[in-house]
*Asks:* 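Next up is a structure, given as structure tokens.
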Amino acid sequence: ANILLSRVDKVPNLSDEAANHWRGVARFFRAAEHYNLVCTYGDVVWIDTEVDIDDSTTLQRPRDPRLTVMKNVCADLQFAAENIPYSTDNTLNNMCAYALLSRAALHEAAWQKYHENNAENAKYFYNIAKKAADAVISSGHYTIHTNYQSNYISKDLTGNTEMILFKVYCHTGEGAKVTESHSMQGWCNSSSKTWGLTKSAVESFDNSDGLPIFMGQYSDATIEDVFKNRDARLSFIASPTVLCPVGWAYTQGVNSSTGYWTNKFVDLKDYGTITWSAPSNTSDGPIYTYSEVMENYAEACAELEDLGAGAMSQADLDKSINIVRAKHGNLPALTYAGTGA
């Protein structure tokens, strides 16, 4: 990325608009790389120039504070969002930059609030996250649909109204010129011990009336009881009919480390085909989705109000999280009950 940025001016007959497009692409990937490093390590070295292999001073210098790095990350993504044009193709565009900006800024805002106890820094990043998410929402390019599981088991996500960017997977038997497949579906249906949802994760889903389980009728006496009258997404994420005792392989290799079989990525209608088993799975993989951006917006609004940086409103809920709740979870809307409620 830094090599591109330092040499783009040397390309002959390149317009300013085209040059800024490619600068935006480079800064997008530079930001994405540094953000991933911060997620793993915290403080990391911010690199914004070409580094020669013999430049020991740069290669061995101490890490920069994560706050500095994340401010640079946000600046890079903002530039990318303002200079990469929108495209309906499944390729990097300004909406991808805004989506990642909402994610990265929200992450750092939460870190500053809940780990560093720094309200001012938290407000700074929450505001960036809110504005970035709002840019995607206000664009009108995307909508939430009702087929939640299709986001995770479709062999072709082209035309999916929630996809901002997705990874294409193809198998050699499908005649694709470029082939790359994965093992997500096969892993969920093999003799290997697979992860499962914890009981607390399952119980974090609302009842179908939109309220937490402790505010309504809930029983965990049977697997059927657990999934009865719940957020519709739960039954697409874990099986509502199969309970797998730990260490015991169920039919067809289905098993789980917790008892709850995670089948979010499993298309049972595809059973027995050439792409069913690992490593030949070809369901496309979401990278940036509209539903995540809407959730980022709602969370940023709520956190800014909690920090005394402006009240949220019913309109904020109705244009973001309430759409996701209704379309994906078949849940009633959240009602704004006033500041601090």
*Asks:* Once rounded to the nearest 0.5 Å, what's the spacing between atom CD1 of Ile128 and atom SG of Cys74?
*Replies:*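 Ile128 CD1 to Cys74 SG: 4.5 Å, rounded to 0.5 Å.
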*Asks:* Does Ala99 offer a backbone N or O that forms a donor-acceptor pair with the side chain of Arg103 under 3.5 Å?
*Replies:*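 Judged by distance alone, no pair lies under 3.5 Å.
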*Asks:* Under the 3.5 angstrom rule, does the side chain of Ser257 hit a backbone N or O of Gly196 as a donor-acceptor pair?
*Replies:*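 Present.
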*Asks:* Would you please classify the geometry between the Tyr290 ring and the Tyr142 ring as parallel, tilted or perpendicular, with 30° and 60° separating the classes?
*Replies:*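 Correct class here is tilted.
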*Asks:* Looking only at heavy atoms, which two atoms of Ser150 and His145 are closest? And how far apart?
*Replies:*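 Nearest heavy atoms, Ser150 then His145: OG-CE1, 3.3 Å.
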*Asks:* Judged by atom type as modelled, is there a donor-acceptor pair below 3.5 Å linking the side chain of Asp64 to the main-chain atoms of Val69?
*Replies:*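 Absent.
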*Asks:* Roughly how far, to the nearest 0.5 Å, is CG of Leu77 from CD of Glu82?
*Replies:*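 These two atoms lie 11.0 Å from each other.
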*Asks:* Is the backbone N or O of Thr282 less than 3.5 Å from a side-chain atom of Ser181, with the two atoms forming a donor-acceptor pair by type?
*Replies:*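 Side chain of Ser181 to backbone of Thr282, a donor-acceptor pair under 3.5 Å: no, none is there.
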*Asks:* Measure the CG-CZ distance between Asp220 and Phe227 for me, rounded to the nearest 0.5 Å.
*Replies:*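 Asp220 CG to Phe227 CZ: 12.0 Å, rounded to 0.5 Å.
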*Asks:* Are Asp43 and Arg63 within salt-bridge range, i.e. N to O under 4.0 Å?
*Replies:*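 Salt bridge flag = no for Arg63 with Asp43.
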*Asks:* Is there a donor-acceptor contact under 3.5 Å from the side chain of Gln314 to the main chain of Thr335?
*Replies:*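 Side chain of Gln314 to backbone of Thr335: no pair is present.
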*Asks:* Quick one: do Arg233 and Asp231 make a salt bridge, cutoff under 4.0 Å?
*Replies:*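 Looking at Arg233 and Asp231, the cut-off is met.
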*Asks:* Pick one: which of Asn151, Thr289, Asp284, Asn147 meets side-chain hydrogen bond (donor to acceptor under 3.5 Å, both in side chains) with Asn160?
*Replies:*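 When side-chain hydrogen bond (donor to acceptor under 3.5 Å, both in side chains) is applied between Asn160 and each of Asn151, Thr289, Asp284, Asn147, only Asn151 qualifies.
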*Asks:* Mark yes or no: Arg27 above the aromatic ring of Phe79, with NZ or CZ under 6.0 Å from the six-membered ring centre and no more than 45 degrees from the axis.
*Replies:*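 Output yes; distance and angle both within limits.
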*Asks:* Given 3.5 Å as the limit, does a donor-acceptor pair link the side chain of Ser6 with the main chain of Ile3, or not?
*Replies:*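 Flag set: sc Ser6 to bb Ile3 pair under 3.5 Å.
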*Asks:* Mind checking whether Tyr271 and Trp276 have parallel, tilted or perpendicular rings, split at 30° and 60°?
*Replies:*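 Ring orientation, 0 to 90° scale: perpendicular.
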*Asks:* Given side-chain hydrogen bond (donor to acceptor under 3.5 Å, both in side chains), test Asn93 with Ser87 step by step and report yes or no.
*Replies:* CA-CA 6 Å; Asn93 60 40; Ser87 171; 5.4 Å; no
*Asks:* Go through the steps for Lys228 and Asp225 under the test salt bridge (charged side-chain N to carboxylate O under 4.0 Å, His left out), then give the verdict.
*Replies:* CA-CA 5 Å; Lys228 187 187 303 179; Asp225 288 339; 3.4 Å; yes
*Asks:* What are the two closest non-hydrogen atoms of Cys170 and Val168, and how far apart are they?
*Replies:*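 Answer, listing the atom of Cys170 first, then Val168: SG-CG1, 3.9 Å.
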*Asks:* Under a 3.5 Å cutoff, is there a donor and acceptor pairing between the side chains of Thr158 and Asp156?
*Replies:*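 There is such a pair between these side chains.
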*Asks:* Ignoring hydrogens, what is the shortest heavy-atom contact between Ala110 and Tyr126? Give both atom names and the distance.
*Replies:*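 Looking at all heavy atoms of both residues, the shortest contact is CA-OH, 3.5 Å.
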*Asks:* Which value, rounded to the nearest 0.5 Å, describes the distance between Tyr260 atom OH and Ile237 atom CD1?
*Replies:*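 Rounded to the nearest 0.5 Å, the OH-CD1 separation comes out at 13.5 Å.
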*Asks:* Testing the 3.5 Å rule here: is there a donor-acceptor pair between the side chains of Asn20 and Trp22?
*Replies:*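 The answer is no; no qualifying pair exists.
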*Asks:* Hey, is CG on Asp52 packed in by over 12 heavy atoms from elsewhere, all under 6.0 Å?
*Replies:*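 Enclosed.
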*Asks:* Decide yes or no on salt bridge (charged side-chain N to carboxylate O under 4.0 Å, His left out) for Asp270 and Lys155, but give the supporting numbers first.
*Replies:* CA-CA 10 Å; Asp270 194 39; Lys155 292 196 173 185; 3.3 Å; yes
*Asks:* Hey, are the side chains of Arg23 and Leu5 touching, using non-hydrogen atoms and a 4.5 Å cut-off?
*Replies:*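 Heavy-atom side-chain distance check passes, below 4.5 Å.
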*Asks:* Between NE2 of His34 and SG of Cys39, what distance do you get to the nearest 0.5 Å?
*Replies:*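 Here the rounded value is 13.0 Å.
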*Asks:* Go through the side-chain N and O atoms of Gln149 and His328 and say whether any donor and acceptor fall under 3.5 Å apart.
*Replies:*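 The answer is no; no qualifying pair exists.
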*Asks:* Taking atom NZ of Lys264 as the centre, report whether more than 12 heavy atoms of other residues, nucleotides or ligands fall under 6.0 Å from it.
*Replies:*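 Enclosed: over 12 neighbouring heavy atoms sit under 6.0 Å from NZ of Lys264.
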*Asks:* Could you work out, with salt bridge (Lys or Arg N to Asp or Glu O under 4.0 Å) as the rule, every residue matching Asp318, not counting sequence neighbours?
*Replies:*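 Asp318 satisfies salt bridge (Lys or Arg N to Asp or Glu O under 4.0 Å) with no residue once adjacent residues are dropped.
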*Asks:* Tell me whether Glu108 is salt-bridged to Lys71, with the criterion being a basic N under 4.0 Å from an acidic carboxylate O.
*Replies:*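 No, no charged N to carboxylate O under 4.0 Å.
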*Asks:* Could you work out, with salt bridge (Lys or Arg N to Asp or Glu O under 4.0 Å) as the rule, every residue matching Lys123, not counting sequence neighbours?
*Replies:*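 Glu120.
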*Asks:* Measuring only between side-chain heavy atoms, which start at C-beta, is Pro240 closer than 4.5 Å to Glu224?
*Replies:*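 Pro240 vs Glu224: side chains apart.
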*Asks:* Hey, are the side chains of Asn229 and Asn207 touching, using non-hydrogen atoms and a 4.5 Å cut-off?
*Replies:*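 Of all side-chain heavy-atom pairs linking Asn207 with Asn229, none is under 4.5 Å.
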*Asks:* Report yes if some heavy atom in the side chain of Met70 is under 4.5 Å from a heavy atom in the side chain of Val38; otherwise report no.
*Replies:*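 SC-SC contact between Met70 and Val38 confirmed.
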*Asks:* Check whether any side-chain N or O of Asn36 sits under 3.5 Å from a backbone N or O of Ala32 as a donor-acceptor pair, and report yes or no.
*Replies:*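 Yes; at least one donor-acceptor contact below 3.5 Å.
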*Asks:* Assess the residue pair Glu162 and Tyr148 against the criterion (side-chain hydrogen bond (donor to acceptor under 3.5 Å, both in side chains)); give the C-alpha distance rounded to whole Å, side-chain angles, the decisive distance to 0.1 Å, and a yes or no.
*Replies:* CA-CA 10 Å; Glu162 294 185 30; Tyr148 169 77; over 6 Å; no
*Asks:* Measure across Ser15 and Ala18 and return the closest heavy-atom pair with its distance rounded to 0.1 Å.
*Replies:*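 The pair with the smallest heavy-atom distance is OG-N, 3.1 Å.
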*Asks:* For residues Arg30 and Asn2, is any side-chain donor paired with an opposing acceptor at under 3.5 Å?
*Replies:*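 A pair is found: one side chain offers a donor N or O, the other an acceptor, under 3.5 Å apart.
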*Asks:* Do Lys319 and Tyr297 touch side chain to side chain, with heavy atoms closer than 4.5 Å?
*Replies:*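 Yes, at least one pair of side-chain atoms sits under 4.5 Å.
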*Asks:* Okay, side chain of Trp261, backbone of Cys188: is any donor-acceptor separation there less than 3.5 Å?
*Replies:*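 It does hold such a pair.
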*Asks:* Determine whether Lys167 and Leu157 make a side-chain contact, defined as any pair of heavy atoms from C-beta on separated by less than 4.5 Å.
*Replies:*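 In short, these two side chains do not touch, never coming nearer than 4.5 Å.
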*Asks:* Please name the pair of heavy atoms, one in Phe205 and one in Ile213, separated by the smallest distance, quoted to 0.1 Å.
*Replies:*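 Minimum heavy-atom contact is O-CG2, 3.6 Å.
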*Asks:* Does the side chain of Leu100 come within less than 4.5 Å of Phe28's, by heavy atoms?
*Replies:*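 They are in contact (side-chain heavy atoms under 4.5 Å apart), so the answer is yes.
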*Asks:* Where do Gln112 and Tyr124 land on the side-chain hydrogen bond (donor to acceptor under 3.5 Å, both in side chains) test, with the steps shown first?
*Replies:* CA-CA 10 Å; Gln112 292 296 327; Tyr124 173 84; over 6 Å; no
*Asks:* Could you tell me whether a side-chain N or O of Asp316 sits under 3.5 Å from a main-chain N or O of Ser313, the two making a donor and an acceptor?
*Replies:*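 Here the side-chain-to-backbone pair exists.
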*Asks:* Going through the checks in order, is the side-chain hydrogen bond (donor to acceptor under 3.5 Å, both in side chains) test met by Ser283 and Asn281?
*Replies:* CA-CA 6 Å; Ser283 50; Asn281 306 158; over 6 Å; no
*Asks:* Determine yes or no for a side-chain-to-main-chain donor-acceptor pair under 3.5 angstrom, with Asn322 supplying the side chain and Leu334 the backbone.
*Replies:*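 The answer is yes, because a donor-acceptor pair under 3.5 Å joins these two groups.
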*Asks:* When you compare the side chain of Val293 with that of Ile164, does any pair of heavy atoms fall below 4.5 Å?
*Replies:*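 SC-SC contact between Ile164 and Val293 confirmed.
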*Asks:* Between Glu303 and Lys130, does any NZ, NE, NH1 or NH2 come within less than 4.0 Å of an OD or OE carboxylate oxygen?
*Replies:*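 Glu303 and Lys130: not salt-bridged.
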*Asks:* Can you see which heavy atom on Thr241 is nearest to which on Ile223, and at what distance?
*Replies:*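 Where Thr241 meets Ile223 most closely, the heavy atoms are O-CG2, 4.3 Å.
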*Asks:* Report the C-alpha separation of Asp206 and Arg325 in whole Å, then their side-chain angles, then the decisive distance to 0.1 Å, and conclude whether the side-chain contact (heavy atoms from CB on, under 4.5 Å) test is met.
*Replies:* CA-CA 10 Å; Asp206 287 346; Arg325 284 169 65 87; 3.2 Å; yes
*Asks:* What distance do Met294 atom CE and Thr143 atom OG1 have between them, rounded to the nearest 0.5 Å?
*Replies:*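 OG1 of Thr143 is found 9.0 Å from CE of Met294.
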*Asks:* Not counting sequence neighbours, which residues clear salt bridge (Lys or Arg N to Asp or Glu O under 4.0 Å) with Glu295? List them please.
*Replies:*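 Once residues adjacent in sequence are excluded, Glu295 has no partner under the salt bridge (Lys or Arg N to Asp or Glu O under 4.0 Å) criterion.
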